[in-house]
Amino acid sequence: MTPFMADRLKHFGTSIFTEMTALAAQHKAINLAQGFPDFAGPAFIKDAACAAIHADLNQYAPSQGVRPLREAVARSWARHHSHELDVELEITITSGATEALLAAVLAVVNPGDEVIIFEPYYDAYPPDVLMAGGVPRYVRLPEPDWALPVEALRAAITPQTRAILLNTPHNPIGKVWSQAELLLVANLAIEHNLVVISDEVYERLIFDAAVHLPIATLPGMWERTITISSTGKTFSLTGWKIGYAVAAAPLSEALQRVHQFMTFASATPLQMAMVTALDAGEAYERQLIAFYAARRAELVEALSRAGFGVAAPAGTYFVMADGRALGWNDDVAFCRYLTTTLGVAAIPPSAFYHDGYQSGMIRFCFAKKPETIAAAASKLALLVPTDTHDVG
Ligand code: PMP
Ligand code: GLN
């Protein structure tokens with residue numbers, strides 16, 4: 001037991017991303033575990049950040065974010081969703097989506113309130129709810145097609161339910177939620193007067209014919225939804241941590257009350273650089289999607305050849321691959337083996353279930369250079385099916 005640690009942290013372990021990245025480094029494994037690009041971010045955005053630093057835009061930004069970036073977010077929403085945002089009242093720039101998520105939960109959840117979280121989930125959601133004194137209620141998406149279990153969702157809603165945490169496109173499963181599913185969630189939220197916190201950080205990373213729809217744009221949802229995004233994913237600069245939350249004025253005001261005391265403001269020159277990114281970044285986005293589509297195809301093929309059950313995801317830069325045909329039922333044991341013996345690190349998705357549920361799947365990230373995927377593919381080709389490693 002760590003001396004002086006507050007009770008509310010007792011059940012939080014080290015993030016699986018930190019753990020697997022450390023293990024990958026220790027064993028010099030190819031890191032397809034933590035989601036981040038291993039290639040350089042775009043020069044035009046890095047130049048814009050340097051220009052902002054040299055122009056001495058280096059003091060505190062306004063707490064809600066620099067106005068040019070809020071204007072650029074509004075232009076992006078107008079372009080993509082035909083929705084006009086109020087630049088003064090409806091946009092908050094945060095230090096990554098991570099801050100926006102905690103700020104959103106703290107903004108709306110009272111101690112004892114229940115929050116619905118779909119499993120598998122992004123690992124920050126349960127700690128965010130617990131730090132607010134809330135109670136997570138889990139609804140499991142059934143593999144292999146991960147369709148919304150409407151009746152389970154309905155059954156999870158009680159008079160104490162305050163909010164639903166949604167993630168589309170979804171990490172780790174790569175699903176882009178359909179309009180029909182979002183309508184079902186929206187109708188339940190309206191019926192039970194719930195807030196929806198919608199994590200849409202992968203909104204631009206979608207493939208083929210998939211269409212991303214913000215739930216906030218559905219009828220009756222604007223006044224009850226906080227939409228969260230992150231420029232880090234769209235522009236391959238995850239370390240800059242420039243995220244944002246978009247919501248109707250009363251929800252934005254609540255979120256900003258938290259944000260002003262959590263970080264007050266995010267790095268000014270990096271915010272300024274993201275104005276250039278959002279306004280001029282569509283050519284980059286198109287190129288990035290084409291690049292990721294090729295990496296996705298290569299990784300899916302390598303995994304399939306190695307004996308995994310795998311389908312190409314509709315969005316995000318993650319692939320879920322079923323390792324059971326290879327003789328592995330315990331994903332933690334399998335990921336340790338893959339990292340330490342085979343030399344390819346991956347994430348065990350049981351970390352994304354409150355009870356450590358074993359879906360049989362392993363998560364791999366394809367936001368990597370062609371040579372990284374090729375090197376991982378040669379190692380995966382050496383994988384031998386086994387029936388001797390099925391216990392952890
Ligand atoms: N939500 C999801 C689903 C994510 O995958 C990530 C990526 N780490 C985040 C939130 C956090 O985003 P950021 O790096 O901008 O804090
Ligand atoms: N979002 C990244 C992932 O899912 C990790 C971010 C982090 O390490 N906190 O891999």
Side-chain angles (χ1 to χ4, degrees), residues 12-25 30-38 41 65 69 73 92-105 117-129 141 146 165-177 197-206 212 214 226-246 259 262-263 266-267 270-271 274 277-278 292 299 313-320 335 339 345-352 361-368:
F12 300 174
T14 303
S15 136
I16 191 68
F17 309 121
T18 305
E19 196 181 316
M20 292 314 296
T21 289
L23 194 67
I30 298 166
N31 189 354
L32 304 189
Q34 192 179 26
F36 65 90
D38 73 343
L69 183 53
V73 169
T92 313
I93 309 300
T94 58
S95 297
T98 305
E99 189 211 336
L101 281 161
L102 180 58
V105 171
I117 296 177
F118 293 102
E119 293 183 307
Y121 47 68
Y122 183 60
D123 74 336
Y125 301 165
D128 286 348
V129 171
L141 301 173
W146 316 103
L165 253 162
L166 192 73
N167 178 209
T168 182
H170 188 285
N171 175 9
I173 62 183
K175 165 192 167 119
V176 180
W177 291 53
I197 299 170
S198 188
D199 177 348
E200 303 181 10
V201 298
Y202 298 102
E203 59 181 334
R204 318 294 313 148
L205 303 187
I206 52 175
H212 168 70
I226 300 175
T227 307
I228 291 170
S229 192
S230 176
T231 57
K233 315 289 177 190
T234 313
F235 300 109
S236 313
L237 293 161
T238 59
W240 287 19
K241 302 293 284 187
I242 301 294
Y244 53 92
V246 165
H259 165 72
M262 199 141 62
T263 56
S266 306
L270 303 185
Q271 290 194 46
M274 285 306 178
L278 283 172
Y292 278 157
L299 183 59
T316 78
Y317 42 49
F318 303 111
V319 172
M320 289 280 263
C335 285
T339 308
I347 294 285
S350 56
F352 306 141
M361 305 280 176
I362 304 292
R363 193 195 81 171
F364 294 87
C365 173
F366 58 84
K368 305 294 167 193

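Every number for a ligand or one of its atoms is a count from 1 in the order of the listing. Heavy-atom basis, side chains included; hydrogens, waters and symmetry copies ignored.
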As a quick check of understanding, evaluate side-chain contact (heavy atoms from CB on, under 4.5 Å) for Y121 and N167, giving each step before the final call.
CA-CA 8 Å; Y121 47 68; N167 178 209; over 6 Å; no
Min side-chain heavy-atom separation [X]-[Y] under 4.5 Å:
X	Y	answer
L165	V129	yes
S95	M262	no
P120	M361	no

Within the side chain of T21, is there an N or O that forms a donor-acceptor pair under 3.5 Å with the backbone of F17?
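Present.
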Go through the steps for N171 and V201 under the test side-chain contact (heavy atoms from CB on, under 4.5 Å), then give the verdict.
CA-CA 9 Å; N171 175 9; V201 298; over 6 Å; no
Any idea which residues sit under 4.0 Å from ligand 1, heavy-atom distances?
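Heavy-atom contacts below 4.0 Å: G96, A97, T98, L101, Y122, N167, N171, D199, V201, Y202, S230, K233, K241.
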Check each protein residue for a heavy atom under 4.0 Å from ligand 2 and list those that pass, ordered by chain and number.
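Ligand 2 is contacted, at a heavy-atom distance under 4.0 Å, by F17, Q34, G35, Y122, N171, Y202, K233, F318, R363.
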If we count only N and O atoms by modelled type, under 3.5 Å, do the side chains of K241 and T98 hold a donor and an acceptor together?
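The criterion, which ignores hydrogens and geometry beyond distance, is satisfied for T98 and K241.
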Less than 3.5 Å apart, any donor N or O on the side chain of T227 or E200 sitting next to an acceptor on the other?
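No donor-acceptor contact under 3.5 Å links the two side chains.
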Please give me the minimum heavy-atom distance between F36 and K368, naming the atom from each residue.
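Looking at all heavy atoms of both residues, the shortest contact is O-NZ, 2.5 Å.
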